[in-house]
*Asks:* 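Starting off with a structure, shown below.
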Amino acid sequence: MTALAAIVARDLRLALRQGGGAGIALGFFLTVLVLIPLGIGPDVALLARIAPGTLWIALLLSVLLSADRIFEPDHDDGSLEIMTLGPVPLELIVLAKAAAHWLATALPMAVAAPFFGLLLNLDPALFLPLGLAMLLASLALSLLASLVAAVTVGLKRGGLLLSILTLPLYVPALIFGVAASAGDETLSGSRPAALLILLALVLLALAIAPFAGAAALRAHLR
Amino acid sequence: MTALAAIVARDLRLALRQGGGAGIALGFFLTVLVLIPLGIGPDVALLARIAPGTLWIALLLSVLLSADRIFEPDHDDGSLEIMTLGPVPLELIVLAKAAAHWLATALPMAVAAPFFGLLLNLDPALFLPLGLAMLLASLALSLLASLVAAVTVGLKRGGLLLSILTLPLYVPALIFGVAASAGDETLSGSRPAALLILLALVLLALAIAPFAGAAALRAHLR
Amino acid sequence: MQQFANPRRFLKLIDAVEPWAWALTLILLAIGLYLSLVVAPEDYQQGETVRIMFVHVPAAWMALLAYLDMAVASAVAIIFRHPLADIAAKAAAPIGACFTFLALATGSLWGKPMWGTWWVWDARLTSMFVLLLLYLGYIAIWHAIDDPGRAARIAAIVALVGCINLPIIKFSVDWWNTLHQPASVFRIGGPTLHPAILTPLLVMGAAYLALFVTLHLTAIRAEIMARRLRQMELARADEV
Amino acid sequence: MELVITDLACIRGGRLVFAGLSLRAAGGSLALLRGPNGAGKTSLLRLIAGIAEPDRGRIALHGGDAALTLSQQCHFIGDRDAAKLHLTVAENLRFWGDFLGGGDLDRALDSFGLTALAGLQAAVLSSGQRRRLSLSRLALVARPLWLLDEPTVGLDAQSRQRLVALMTTHLASGGFIVAATHDELGLAGIELNLGEAPARGIAAQ
Amino acid sequence: MELVITDLACIRGGRLVFAGLSLRAAGGSLALLRGPNGAGKTSLLRLIAGIAEPDRGRIALHGGDAALTLSQQCHFIGDRDAAKLHLTVAENLRFWGDFLGGGDLDRALDSFGLTALAGLQAAVLSSGQRRRLSLSRLALVARPLWLLDEPTVGLDAQSRQRLVALMTTHLASGGFIVAATHDELGLAGIELNLGEAPARGIAAQ
Ligand code: HEM
Ligand SMILES: Nc1ncnc2c1ncn2[C@@H]1O[C@H](COP(=O)(O)OP(=O)(O)OP(=O)(O)O)[C@@H](O)[C@H]1O
Ligand SMILES: Nc1ncnc2c1ncn2[C@@H]1O[C@H](COP(=O)(O)OP(=O)(O)OP(=O)(O)O)[C@@H](O)[C@H]1O
Ligand SMILES: [Mg+2]
Ligand SMILES: [Mg+2]
């Protein structure tokens, strides 16, 4: 137990030391949000309409960009090898790393997203549902991110490769996330269902990511 | 001269060896594109309307995701130090690295973008202007990317930090790129002007990136 | 050593079967194309374009089948560590990707006359698109890892995770598609296909299946050869 | 306690590195891995540590703590230092202590004279200092089996003596050490020569 | 030719590592940098190579090719191997040959017995083999001044002899070598001791 706590604590401290931890994630989130109006024009109605989708895409991309640091450093400096000598199985280590990533990156963004939505004049009625959905989804995203990070660890030029492998995994989370924070009234009925499915996705990711991730790490180490 | 050619050749070969070079960049481009409709809905008209902007943002992000590999590997394995002992000044080396990045990543995407536009029902009339604008812009993007890559080299967890530093630099290119490939008739008159400004941006980047980049690298090495 | 004897015996098998496989494939293709392009009636509403279906639909079927093949082979590779299994999985990927692309290409070719646009984000199209991405990712992994043993395991994991992911995506995309009212959904095909259309479709299906199997065998042979070559290089390094 | 390796084979990238390797070592004994570059010393150490699983043969530590796996009873000092550059020396050691279980920080810092550097970020350490940080794990957490891959690399004379002293006491207390090194430690031990150039022949894929 | 270092000082992170260091070496002479971990050996080598610029003092190579900077006349063998894992041994050397100018590939491969491994990807090399790949740069491109940071690390006996032989011939041909090492090369040279523990005290920034 202390072993896992130690990993989480260390990763959080490192995230904090190396460029402001959560701050940097939020910064990226903001920069992406700024790009969108610049790209598709300042039409307010249009922006408001696509606001939730935009926030979701920005969230996925931010998680993505931070993903390749989940295992890469530990792999490069040999820490990963030593971790296999520890009292806890690799599966739990993957879980701990995912937790650290969630706390340092995904969670802050999920919490901040609705407020950033203001920039895209997001309908205030959507604050709560959006925040809730993102909170749930971010869990799944971090888990899947660490799964793929484990698969691509040590492959230099991972950035793009990692994205190609991750985004298809993100599709369901994205779809139901958007549904759970859907704007127009006709759909708001389906929100609870979407939330439940999101929850199911989280549990599924929780069931798969640690094992697949650990298997991948073992394959890379041998 | 051979020294620079050697760098470009080596980087291209590496890009090819480590997961299919351009292919992987294009793959990422596609994955981003599939996110958009999933995020904001499959409405053909809406998608067609924001198609150019979407393509531009996808281009920026793809360049971004590949940027942190420009100097990181050479820094980590000590190649960079040896390169300072070569016959060519660091400025030219930065230029060569940027060129390699452009050839391996930015150029293929700029060329492919209009065709991917089909997926978003991009107005065929925009093919040429978009392609042209992206070809120009991609040059600026690669140069700026290598500048920021030089600034953030060796700072682990570069991915996000690098993005925050890069995206603001990309804003001008984005704005004029979008203008140069603008859909509605009212603007199509301003396209040539926008193209010229893009060209100016490229030249500016060409003038600044090598020197700033080299200075940053020197600072990191000492 | 006994492990390696296995592929060797398999090579002999391939060499024996291959010519017949090709022959069968070509014959089936010939019949299928004749039936679909000449015999089959043109659709009363879709006109000649309906004929695209005969190249399109089987391609789509193969695309799905190939992924299934890949996933099963990967599972076998992980569970039984059988060297042939991961070779088979690796060999299946590019072929499946090609079929997927074919389905997408012919599909959108068909879409132009039917929907007036090359592409719509209809549920089935989207899931097909994601399938292509899954193929690309799998192939990229094989590219990115040099050590074949390691690459095999990692790729297998990718294939299996993707396999779990695929039905989820199909489900989500269907939900998504019924969520929004897309500008132009098109009810693809119909529950009841007229036999005059069904027969050529099935023949083409058989032809595509034969083609897939044949290509797969050829690809496996090529992969086994490639590995032998690599080992010879490594061996040469030791010869000093 | 007894470390038993029977008929071990190592295949890397389809290439047979060594085969038929066997070893029996009683508590308190030191095994010195010798052999030219590429003979398979590092590979063997990684196999023993359980970081990689053997393609043939068995490795067992008899009479150890039955509740623990072999991996959990050994220290592995590889060629990389497993140190986070952005953490201080002390923080690095404290982490490994917490992770591996029950570490004695002060003893570890003292073991290779890092007490004075405890507050420095690992990034500012010289290569040898960083190497010492990695070696301090040996004194940080008590484990019976030490696997050392070229432990003397980059160490100055004094640190070298400290290492030898640490190894001697460990052996005296009945521990095992398997060390791969190209130079003389001045310690008596079983010499295990992995032969000239890597074992010939192609292995099964 | 003559290598002249006058009153050199090195400050790292605001900390004075060494100061007032001077050296005059004529062609054909070997300078051995000694000193405990953290004494500043690596720092000094990087200063001479021009990778880092000195905070005080001057470094010059008199009588060399006037058209070239000092950096362009020296080889620097650092603790990292500057090898791309995805390129073969030969490809790595060919790159450095092309980059540094006029490399003799076969001679380089032969110099540390890598000819047989030429076709292997650097990723599959053992640590010592990779080290030899890095050292081969010395034979690849001819440069008067060699700066070697712990060159013997990880080398087996034979490669070690090859290195010493290479160094001897280089010296015989009037070249310079500055080598930082903790073990005995068996070569006579100017011993430059960077003193006990790194100089304390904060330098004027
Ligand atoms: C890129 C565009 C398209 C893609 C990716 C696509 C994908 C697919 C897939 C995956 C299947 C097989 C699924 C199954 O059998 O359950 C299929 C079948 C079929 N497609 Fe397409 N399709 C596309 C466009 C079209 C168009 C434009 C039409 C006709 C207007 C069409 C008509 C059919 C028909 C009739 C079938 C067989 C009936 C059926 O299996 O339900 N498709 N398509
Ligand atoms: N960025 C930095 N900030 C502060 N001090 C630093 C920094 N980098 C290095 N140092 C200090 O500089 C000193 C010299 O380091 P250097 O690597 O030159 O030592 P060295 O003689 O090579 O030691 P070794 O024998 O271990 O290689 C060390 O004490 C180190 O702590
Ligand atoms: N992925 C791989 N594919 C093929 N061969 C490999 C691979 N990894 C390592 N090898 C080979 O395995 C052999 C053993 O490597 P190892 O690192 O164990 O040698 P070593 O005895 O530690 O050498 P050194 O003394 O240089 O440390 C080497 O010949 C190396 O070329
Ligand atoms: Mg070794
Ligand atoms: Mg040093």
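Values below: all heavy atoms of this structure, side chains included; hydrogens, waters and symmetry mates excluded. Since we're looking at a predicted model, the values are computed, not measured.
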*Asks:* Rounded to the nearest 0.5 Å, how far apart are CG of D:Asp156 and NZ of E:Lys41?
*Replies:* 7.0 Å
*Asks:* Among all residues two or more places apart in sequence or in another chain, which pass the side-chain hydrogen bond (donor to acceptor under 3.5 Å, both in side chains) test with D:Asp98?
*Replies:* none
*Asks:* Show the nearest heavy-atom pair for residues D:Ser159 and E:Asn37, with the distance to one decimal.
*Replies:* OG-OD1, 3.5 Å
*Asks:* Considering only heavy atoms and a distance below 4.5 Å, find which of D:Thr42, D:Val124, D:Leu155 pairs most often with chain E.
*Replies:*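 Ranked by contacts with chain E, first place is D:Leu155.
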*Asks:* Only pairs of heavy atoms separated by less than 4.5 Å count here; which of D:Arg132, D:Arg160, D:Gln158 has the most with chain E?
*Replies:*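 Ranked by contacts with chain E, first place is D:Arg132.
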*Asks:* Would you check, one step at a time, whether the test side-chain contact (heavy atoms from CB on, under 4.5 Å) holds for D:Leu120 with E:Arg15?
*Replies:* CA-CA 12 Å; D:Leu120 287 186; E:Arg15 174 130 133 279; 3.9 Å; yes
*Asks:* Using non-hydrogen atoms and a 4.5 Å limit, figure out which bit of E:Arg131 sits close to chain D: side chain, backbone, both or neither.
*Replies:*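 Contact with chain D involves no heavy atom of E:Arg131 at all.
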*Asks:* How close do E:Ser126 and D:Gly38 get, heavy atom to heavy atom, and via which atoms?
*Replies:*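 Smallest interatomic distance, heavy atoms only, reads OG-N, 3.3 Å.
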*Asks:* Shortest non-hydrogen contact from D:Ser127 to E:Glu150?
*Replies:*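 Heavy atoms only, the tightest pair is OG-OE2, 4.3 Å.
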*Asks:* If I take atom CG from residue E:Asp183 and atom CD from residue D:Glu184, how far apart are they, to the nearest 0.5 angstrom?
*Replies:*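 One gets 12.0 Å once the value is rounded to the nearest 0.5 Å.
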